[in-house]
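In what follows, a single structure is set out as structure tokens and then discussed.
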Amino acid sequence: MALRFLSSPLPVSRETGCELGGARLGQAANGSLPIYPVQQVCAPLLGSTSTAIDEVWLADQAIQTGCSEGIVWRKAGGLLYGVIALDERDFAVSSACTPLQAASAEAYRRIFRLLDAEQLPHLWRVWNYLDGINLVTHGLERYRQFNVGRQDAFLECHRGATGNVPAACAIGLAGGPLSIAFMAGTTPAVAVENPRQVSAYNYPDDYGPRSPTFSRAALAGLPGQEILFVSGTASIVGHQTVHPDNVAGQCGEAMANVAAVVAKANRQCRSGPFSVAELAYRVYVRHAADLPVIRDTLVPIVGAADIVYLQADICRSDLLLEIEAHALHPLAAGKIDD
């Protein structure tokens with residue numbers, strides 16, 4: 001089995017039936033959604049003449065479609081892509097749990113139940129979006145509430161919360177439900193950490209009662225193919241934000257972290273080495289006015305790489321941007337069955 005990734009402004013061409021799943025990036029009012037699982041990331045596109053872009057993962061094997069506990073999913077071979085959106089208003093406030101914490105835990109419980117039922121138990125990559133990520137409600141920042149709920153589900157469902165955890169991002173949008181898209185497989189991905197940073201799951205309690213549950217990157221394997229997922233990456237060295245109020249400095253530091261994690265992945269990968277110039281990027285920008293500086297800093301580093309810029313909030317209030325990326329490589333014939 002092989003996977004392809006396409007990104008195109010709306011309107012897109014007719015569906016082929018090969019679509020595993022994807023995302024619609026941009027403003028919400030852009031016609032009907034495709035029939036395959038689509039995560040709606042309703043955030044303004046920056047520096048683009050389009051109001052929305054469709055990203056889609058395409059498989060070259062027969063696809064099975066399903067819906068389980070609100071998760072719309074498709075699978076092909078040893079790979080599954082799913083999307084779930086939960087409204088926090090459906091979850092009551094309690095003395096022990098906020099609505100966002102409860103929704104986050106429930107979403108991940110449903111994801112793990114689906115993966116177990118479909119016998120694709122290994123979570124590779126997760127995209128998390130939530131409203132008001134930096135707001136303090138119920139006495140705790142909402143990103144930290146999300147981290148508590150996510151980790152509760154990992155532990156309850158007998159997944160480890162450290163070590164070989166999936167690549168992920170958590171981004172703040174202006175309104176909307178808790179939205180989670182994910183990719184999972186029959187075999188575990190290889191977690192990749194960044195030597196310049198403390199692993200997120202080992203953060204000190206300065207950053208909340210529970211550490212974030214994600215790896216800095218993940219290498220996932222399909223027969224004949226390898227995928228590098230780089231998690232949401234920002235201007236953090238060790239565990240601390242650096243270059244506060246300096247968007248050029250933060251962009252350069254974030255890309256230094258991307259380069260470091262790519263270099264680490266190249267010491268663990270089975271395919272040829274990855275490079276920052278070949279990755280496909282999403283760049284989340286807190287303040288739209290910062291786009292020219294970010295672009296002028298980023299483009300000399302990555303060249304003609306595909307980049308989508310979105311205006312969104314980052315998991316720390318002092319972070320001005322976050323960068324995530326991925327790339328796909330073929331495996332040499334002798335490595336397919338390693």
Side-chain angles (χ1 to χ4, degrees), residues 23 37 39-43 68-73 80-116 121-162 165-184 199-203 205 207-215 218 231-232 284 312-317 319 322 324:
Q39 183 176 43
Q40 296 186 71
V41 183
C42 297
S68 174
E69 296 188 279
I71 302 172
V72 180
W73 55 270
L80 184 147
Y81 183 94
V83 177
I84 182 171
L86 294 181
D87 191 330
E88 294 173 44
R89 293 173 296 184
D90 295 333
F91 297 85
V93 179
S94 73
S95 59
C97 190
T98 71
L100 176 57
Q101 178 184 335
S104 304
E106 178 61 17
Y108 274 88
R109 282 193 292 263
R110 294 184 190 182
I111 290 168
F112 290 134
R113 285 196 291 265
L114 169 66
L115 298 185
D116 287 343
H122 300 289
L123 202 53
W124 290 354
R125 178 58 162 103
V126 190
W127 294 264
N128 304 283
Y129 296 90
L130 56 144
D131 179 29
I133 195 169
N134 301 131
L135 293 179
V136 175
T137 63
H138 310 286
L140 189 64
E141 185 188 47
R142 283 173 53 79
Y143 176 57
R144 300 181 181 196
Q145 296 175 36
F146 166 78
N147 282 333
V148 174
R150 171 169 58 178
Q151 191 176 111
D152 282 348
F154 267 77
L155 297 175
E156 180 182 327
C157 297
H158 308 292
R159 266 72 176 183
T162 61
V165 289
C169 63
I171 294 295
L173 302 180
L178 171 65
S179 173
I180 301 174
F182 58 96
M183 195 176 290
S199 296
Y201 47 75
N202 286 331
Y203 277 175
D205 58 12
Y207 301 99
R210 301 284 183 86
S211 295
T213 308
F214 70 93
S215 61
S231 297
Y284 303 100
D313 290 331
I314 319 304
C315 62
R316 296 185 188 180
S317 59
L319 290 172
E322 181 169 309
E324 64 176 70

Looking at side-chain heavy atoms only, is the closest gap between [X] and [Y] below 4.5 Å?
| X | Y | answer |
| --- | --- | --- |
| I171 | Y129 | yes |
| V41 | W127 | no |
| L140 | T98 | no |
| Q101 | D152 | yes |
| F154 | P166 | yes |
| V126 | R150 | no |
| R316 | Y207 | yes |
| V93 | P99 | yes |

Could you state the interatomic distance from [atom1] ([X]) to [atom2] ([Y]), rounded to the nearest 0.5 Å?
| X | Y | atom1 | atom2 | result |
| --- | --- | --- | --- | --- |
| Q151 | S104 | CD | OG | 12.5 Å |
| Y284 | D313 | OH | CG | 12.5 Å |
| W73 | Y81 | CH2 | OH | 15.0 Å |
| C42 | L173 | SG | CG | 7.5 Å |
| I180 | I111 | CD1 | CD1 | 5.0 Å |
| L130 | L135 | CG | CG | 10.0 Å |

I would like to know whether C169 and R125 meet side chain to side chain contact (heavy atoms under 4.5 Å, CB included); could you show each step before the answer? CA-CA 9 Å; C169 63; R125 178 58 162 103; 3.8 Å; yes
For [Y], does its backbone N or O pair with a side-chain atom of [X] as donor and acceptor, under 3.5 Å?
| X | Y | result |
| --- | --- | --- |
| S179 | A85 | no |
| S231 | A168 | yes |
| R159 | C157 | yes |
| S68 | I71 | no |
| S199 | N202 | no |

Is there a donor-acceptor contact under 3.5 Å linking the side chains of [X] and [Y]?
| X | Y | result |
| --- | --- | --- |
| Q145 | T137 | yes |
| N147 | R144 | no |
| Y108 | N128 | yes |

Can you give me the closest heavy-atom contact between [X] and [Y], atom names plus distance?
| X | Y | value |
| --- | --- | --- |
| E322 | C315 | OE1-SG, 4.3 Å |
| S211 | A200 | CB-O, 3.4 Å |
| V148 | P209 | CG2-CG, 3.7 Å |
| I84 | E69 | CD1-O, 4.1 Å |
| I133 | E141 | O-CG, 3.5 Å |
| I314 | L319 | CG1-O, 3.6 Å |

Which class fits the ring pair Y143 and F146: parallel under 30°, tilted 30 to 60°, perpendicular over 60°? parallel
Regarding R113 and E106, does a basic nitrogen lie under 4.0 Å from an acidic carboxylate oxygen? yes
